[in-house]
Visitor: 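Can you read through this structure? Questions will come right after.
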Amino acid sequence: MVTLSWSVLIGTLVVLVVCCTALLVATVAVRLSRARRARRHDERTAQVKPLVLEVLTAEDEEVAPACEAVAALPDTLWPTAETFVLAAFDSVRGEVRDALVQVLIQRGTLERALAATQSRSAVRRARAAEVIGLVGHVSGRRGLVRLLSDPNIEVRTVAARALGQIGDPHLTSILLDSLRPGSDVPPSVVGTALLGSGETDTAALEAGLAADDEVVRLTAIAVSAELLVLATARAVADRGLTDPSVTVRVQAARALARLGGAWAVPALAAATDPTEASVVRVAATRTLGEMPFPPARAHLALLRDDEDPDVRRLATAATPSRETAGGDR
C-alpha cells in the first residue's frame, strides 16, 4: 500500500509539473503573439498615419495627390488606413471630405459595408450602418432604410442616426415613420437625424403633425421649430394648439416662439383660456411674453389678474404696470 501511495503521489506531481509547464509555455506564447501583433500594428500605423494626416492638413491642389497616396496603399496596410480615415470624418468638411469619400468608395469600403448590412451578426450590421453614415454617400440610403426594420433595436437606432448623415430631405417621412409603435427607436435620435440632414421635406413634416402617434407629432413640431420651417408654422398653430395631447399642445405653444408672427397671437391667446390645462396656459403665456406685437401685450395685460399664479407672474413680468389692455401709454 505504501509503495502504491508513493507511486500515485509521484504520478500526480508529474502531471502537475507537466500542466504547469504547459500553462507557462502557453502564457509565454500568447504574450509573444500579442507583442508581435502590437509591433506589427505600430509598424503599420507608422506607415499609414502620416499619409492620412497629410490629407487632413492638405490645402487646395495638395488634396488630390495626398488622397492618391492613401488610395494607393497596399492591401496589407489598407485596414489600418481605413480606420484612421473613418475616425477623421467627424472633423473634416468640404473638399477634403469629398475626396476621402471617393477614396473609400474606390477601395471598396462602402461596398463591403453595404454587403455587411445583410450579415447574420447584429454587431456587424450595426457597424455597417455606422460606416455608411460616416461615408454619407447617397448610394448607402437603401441599405440604411432596410435596417430601420431590423429585428435588433441597436441596429435600428444606428441606422436612423446614419440616415441623418446622408443629408437627403426626402428621408424626412421615412425617419418619422421609424417612430412607429414597436420600433423603439429613440425620438431624440430621429430628431437629431432630421436636424443633421439640414433640409427637410415640408410636406412630410406637415403630415407628421397630423400623424396618429403622439411621438411623431411631437418630433415634427420640434424639428419645425429648430430648423425654422416657416411653411409649417400655421399647421403648428392650427393643429398643435388644438391637439388631443396636452404634451403636444405645450410643444406647439413653445415652438411658436420661433415660428409665430402676429398672426399667431389669437391662437396663443385662445390657449390661455381658463378651461385649458395649466401647463398649456403657462407655455402660451410665456410665448406671448416673447412677442413684441401690441395684441400680444394687450392680452397679457388681461392675464395680470389671472387665478393661475404662474400665468399671473409671467403676464406681469411681460407687461410693466405702465401698460394696459389697450397697449402702451
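Computed from a predicted model, the values in this text were never measured in an experiment. By convention here, the first residue in the shown sequence is residue 1.
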Visitor: Mind running salt bridge (charged side-chain N to carboxylate O under 4.0 Å, His left out) on R258 and E226 for me, showing each step along the way?
Guide: CA-CA 8 Å; R258 289 174 59 83; E226 287 297 321; 5.0 Å; no
Visitor: Would you mind telling me which of L171, V223, L227 makes a side-chain contact (heavy atoms from CB on, under 4.5 Å) with L194?
Guide: V223
Visitor: For the CD atom of E290 and the CG atom of L268, what is their distance to the nearest 0.5 Å?
Guide: 10.5 Å
Visitor: Which of these, T219, L176, T192, sits in a side-chain contact (heavy atoms from CB on, under 4.5 Å) with P187?
Guide: T219
Visitor: Give a yes or no on whether L259 and L218 share a hydrophobic cluster (residues Ile, Leu, Val, Met, Phe, Trp, Tyr; joining criterion: side-chain heavy atoms under 4.5 Å apart).
Guide: yes
Visitor: Rounded to the nearest 0.5 Å, what separation is found between the OG1 atom of T319 and the CZ atom of R297?
Guide: 7.5 Å
Visitor: For a 4.5 angstrom cut-off between non-hydrogen side-chain atoms, does W78 reach T83?
Guide: no
Visitor: Is there a chain of hydrophobic side chains (I, L, V, M, F, W, Y, each step under 4.5 Å between heavy atoms) that links L195 to L228?
Guide: no
Visitor: Can I get a per-line list of side-chain donor-acceptor pairs under 3.5 Å for residues 96-105, giving both atom names and the distance, sequence neighbours left out?
Guide:
{"unit_1": "R97", "atom_1": "NH1", "unit_2": "F89", "atom_2": "O", "d": "2.8"}
{"unit_1": "R97", "atom_1": "NH2", "unit_2": "L134", "atom_2": "O", "d": "2.6"}

Visitor: Taking side chain as C-beta onward, heavy atoms only, is I132 less than 4.5 Å from T117?
Guide: yes
Visitor: L230, W263: one ILVMFWY side-chain cluster at the under-4.5 Å cut-off?
Guide: yes
Visitor: Looking at every heavy atom in both L114 and S139, which two are closest together, and how far apart are they?
Guide: CD1-O, 4.2 Å
Visitor: If hydrophobic clusters are built by linking Ile, Leu, Val, Met, Phe, Trp and Tyr wherever their side-chain heavy atoms come under 4.5 Å apart, do V190 and I221 end up in the same one?
Guide: no
Visitor: If I compare all heavy atoms of L241 with all of A253, which pair ends up nearest, and what's the gap?
Guide: CD2-N, 3.7 Å
Visitor: Show me the side-chain donor-acceptor pairs of residues 177-185 shorter than 3.5 Å, one per line, residues at least two apart or across chains.
Guide:
{"unit_1": "S178", "atom_1": "OG", "unit_2": "L175", "atom_2": "O", "d": "2.4"}
{"unit_1": "R180", "atom_1": "NH1", "unit_2": "D177", "atom_2": "O", "d": "3.2"}
{"unit_1": "S183", "atom_1": "OG", "unit_2": "S178", "atom_2": "O", "d": "2.7"}

Visitor: Atom OG of S119 and atom CZ of R127: how far apart are they, to the nearest 0.5 Å?
Guide: 13.5 Å
Visitor: Any non-hydrogen side-chain atom of R161 less than 4.5 Å from a side-chain atom of V158?
Guide: yes
Visitor: Answer yes or no: does atom CG of D273 have more than 12 heavy-atom neighbours from other residues, nucleotides or ligands under 6.0 Å?
Guide: yes
Visitor: Measure the CG-NE2 distance between L288 and H299 for me, rounded to the nearest 0.5 Å.
Guide: 6.0 Å
Visitor: Between the main-chain N or O of V280 and the side-chain N or O of R249, is there a donor-acceptor pair closer than 3.5 Å?
Guide: no
Visitor: What I'd like to find out is whether the side chain of T285 reaches to under 4.5 Å of the side chain of D308, using heavy atoms alone.
Guide: no
Visitor: In Å, rounded to the nearest 0.5 Å, how long is the span from CG of L148 to CG of L163?
Guide: 5.0 Å
Visitor: What are the two closest non-hydrogen atoms of N152 and A122, and how far apart are they?
Guide: ND2-CB, 3.7 Å
Visitor: Minimum heavy-atom separation for T157 to V189, with atom names?
Guide: O-CG1, 3.7 Å
Visitor: Using a 4.5 Å cut-off on heavy atoms from C-beta on, say whether the side chain of V265 contacts that of M291.
Guide: yes
Visitor: Going through the checks in order, is the side-chain contact (heavy atoms from CB on, under 4.5 Å) test met by R304 and L314?
Guide: CA-CA 8 Å; R304 288 169 58 91; L314 289 169; over 6 Å; no
Visitor: Side-chain heavy atoms under 4.5 angstrom apart, residues restricted to Ile, Leu, Val, Met, Phe, Trp, Tyr: same cluster for L300 and L256?
Guide: yes
Visitor: Please name the pair of heavy atoms, one in A160 and one in A193, separated by the smallest distance, quoted to 0.1 Å.
Guide: O-CB, 3.3 Å
Visitor: Once rounded to the nearest 0.5 Å, what's the spacing between atom CD of E130 and atom CZ of R125?
Guide: 15.0 Å
Visitor: Tell me which pairs pass salt bridge (charged side-chain N to carboxylate O under 4.0 Å, His left out) where either residue lies in residues 100-114, with sequence neighbours left out.
Guide: D75-R107, E82-R112
Visitor: Name all residues meeting the salt bridge (Lys or Arg N to Asp or Glu O under 4.0 Å) criterion together with R217; count only those two or more places apart in sequence or in a different chain, and write none if there are none.
Guide: D243
Visitor: Apply side-chain contact (heavy atoms from CB on, under 4.5 Å) to P79 and list each qualifying residue two or more places apart in sequence or on a separate chain.
Guide: none
Visitor: Applying side-chain contact (heavy atoms from CB on, under 4.5 Å) between L209 and each of V248, V236, V216, D238, report the one that passes.
Guide: V236
Visitor: With no hydrogens and no angle check, just 3.5 Å: does a side-chain donor-acceptor pair link T232 and E206?
Guide: no
Visitor: Output yes when a side-chain donor or acceptor of T316 lies under 3.5 Å from a complementary backbone atom of R313, and no otherwise.
Guide: no
Visitor: Taking C-beta and beyond as the side chain, do D201 and S173 meet within less than 4.5 Å on heavy atoms?
Guide: no
Visitor: Just wondering, more than 12 heavy atoms not from R146 lying within 6.0 Å of its CZ?
Guide: yes
Visitor: Is any NZ, NE, NH1 or NH2 atom of the basic residue among D306 and R281 found under 4.0 Å from an Asp or Glu carboxylate oxygen of the other?
Guide: yes
Visitor: Applying salt bridge (Lys or Arg N to Asp or Glu O under 4.0 Å), name anything that partners R312, two or more places apart in sequence or on another chain.
Guide: none
Visitor: Provide the closest heavy-atom pair for A284 versus T272 in the form atom of the first, atom of the second, distance.
Guide: CB-CG2, 3.8 Å
